[in-house]
Amino acid sequence: MRLLIANGYMIDPSQGINTGKNLLIEDGRVAGLLDRSDETPEGAQVLDATGLVVAPGFIDMHVHLREPGQEYKETIETGAAAAVAGGWASVCAMPNTDPINDSPAVTRFIIEQAERARLANVFPIGSITKGSKGAELSEMGEMKAAGIIAVSDDGRPVPTAGMMRRAMEYARGFGLTVVDHCEDKTLATGGSMHEGRWSLLLGLRGMPAAAEEMDAVRDCALAELTGAHVHLAHVSTRGAIEAVRRAKASGLNVTCEVAPHHFALSDEVVEGYDTNTKMNPPLRSREHVEAVLEGLGDGTIDAIATDHAPHHADEKALEYDQAPFGITGLETAIGLALDRLVHEGTISLEHLVELCAVNPARIFNLVDRGTLRKGAWADVTIIDPEMTWTFDVTRSKSKSRNTPFNGLTLRGAAVATVVAGRIVYRHEEFGRVRTEKQSAVALK
Ligand SMILES: [Zn+2]
Ligand SMILES: [Zn+2]
């Protein structure tokens with residue numbers, strides 16, 4: 001099995017590559033980088049990427065696939081289909097399923113379902129505590145042997161500093177990164193949006209920025225105490241980002257990610273009481289969105305991760321304060337990042353590839369991912385930075401429809417996804433777009 005991705009513009013920051021190159025894939029691995037003028041190797045299928053950017057397969061560090069237990073919201077198969085349609089070759093599955101992924105049996109089940117689907121790579125994240133109840137540590141070693149790549153109690157914070165300290169020491173022994181959902185429940189419980197001017201105006205109970213910042217500061221201090229690798233999930237406030245900035249400056253092993261809705265939206269959109277604007281952490285005020293953009297620009301934020309959280313329409317059809325937290329995000333993330341970050345000049349295309357591929361692979365120690373080095377897994381994301389498109393949720397591959405981005409027009413999209421050398425997604429206009437580009441070039 002040979003595949004040549006030809007005539008594309010390759011951006012691979014892991015090797016400092018930013019130039020026109022052809023990518024040769026054999027038996028699921030990168031066989032080599034060829035010059036565009038080189039002959040097509042014998043028997044190779046050719047995917048013409050003229051006018052497109054070819055990057056290492058993107059890795060979403062934070063998704064909720066809902067299987068096992070809530071298959072009416074999403075399954076591993078539908079989630080993986082939405083992932084590849086959004087340009088993600090890999091997703092990391094949070095453990096808050098039913099049952100919680102706190103045992104090797106659940107870990108193995110997730111891996112088997114993903115293998116059956118043959119779409120995106122699915123890397124399970126195990127829980128920090130049994131049942132994510134915050135009382136007793138999970139069997140991290142056994143789960144690691146079964147295939148988990150990190151630990152998290154995402155959806156809930158680890159309630160006490162003492163428990164988090166023990167978790168970090170234990171995880172460190174297994175070389176597992178601790179993914180941290182920062183939320184001081186004593187401040188945030190009962191809130192359904194960011195606490196500020198808009199929560200006051202709308203009469204909704206707020207969740208203060210301080211709730212996120214308390215745990216961010218606590219766990220950066222514990223990273224120093226334990227030497228563990230701590231990764232803050234979905235940072236959304238100035239204080240949390242500042243805590244990471246300070247931790248990095250003192251040489252601690254602390255990293256963080258941001259979700260697209262936290263750079264694309266702010267809390268005034270809650271005004272219409274659309275429950276698809278309700279997530280945790282909540283959409284923040286503009287000053288915090290500014291801090292997110294600064295953190296992306298200066299490298300404090302390491303990754304973009306969707307926090308894809310599907311819910312059934314009936315569940316979201318409740319009153320704002322009663323509806324569950326979370327929105328889907330796999331199919332809109334790359335378009336939002338290109339439109340709002342790259343085209344606005346906050347980050348370069350090269351930095352986007354670092355945020356979506358190179359850094360996630362490093363943070364979760366995913367060997368031979370996030371790179372197009374010879375011998376690496378042939379996971380590839382192909383981007384059209386200029387394609388203008390409109391997101392239509394009725395055509396989503398996800399089982400759920402809870403997105404605030406339906407009908408939004410964006411400039412830039414992922415147009416093909418390759419996993420272990422197999423083309424698992426190609427945009428329906430892949431060929432047409434390319435032809436138009438070629439004619440545009442020919443006209444010049
Ligand atoms: Zn979370
Ligand atoms: Zn989450």
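Atoms within each ligand, like the ligands themselves, are counted from 1 in listed order.
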A.B. asks: Could you please tell me which protein N, O or S atoms lie under 2.8 Å from the Zn ion (ligand 1)?
C.D. replies: D154 OD1, H181 ND1, H234 NE2
A.B. asks: Name all residues meeting the side-chain hydrogen bond (donor to acceptor under 3.5 Å, both in side chains) criterion together with D184; count only those two or more places apart in sequence or in a different chain, and write none if there are none.
C.D. replies: T186
A.B. asks: Can a salt bridge be assigned to the pair R245 and E242 using a cut-off of 4.0 Å between side-chain N and carboxylate O?
C.D. replies: yes
A.B. asks: Only one of K73, E74, Q70, H64 forms a side-chain hydrogen bond (donor to acceptor under 3.5 Å, both in side chains) with H311, so which one is it?
C.D. replies: K73
A.B. asks: Do H234 and H181 make the cut of ring centroids closer than 6.0 angstrom?
C.D. replies: yes
A.B. asks: Would you call the rings of H194 and H288 parallel, tilted or perpendicular if under 30° counts as parallel and over 60° as perpendicular?
C.D. replies: perpendicular
A.B. asks: Please work out which of the three classes, parallel, tilted or perpendicular, describes the rings of Y72 and H312, given edges at 30° and 60°.
C.D. replies: tilted
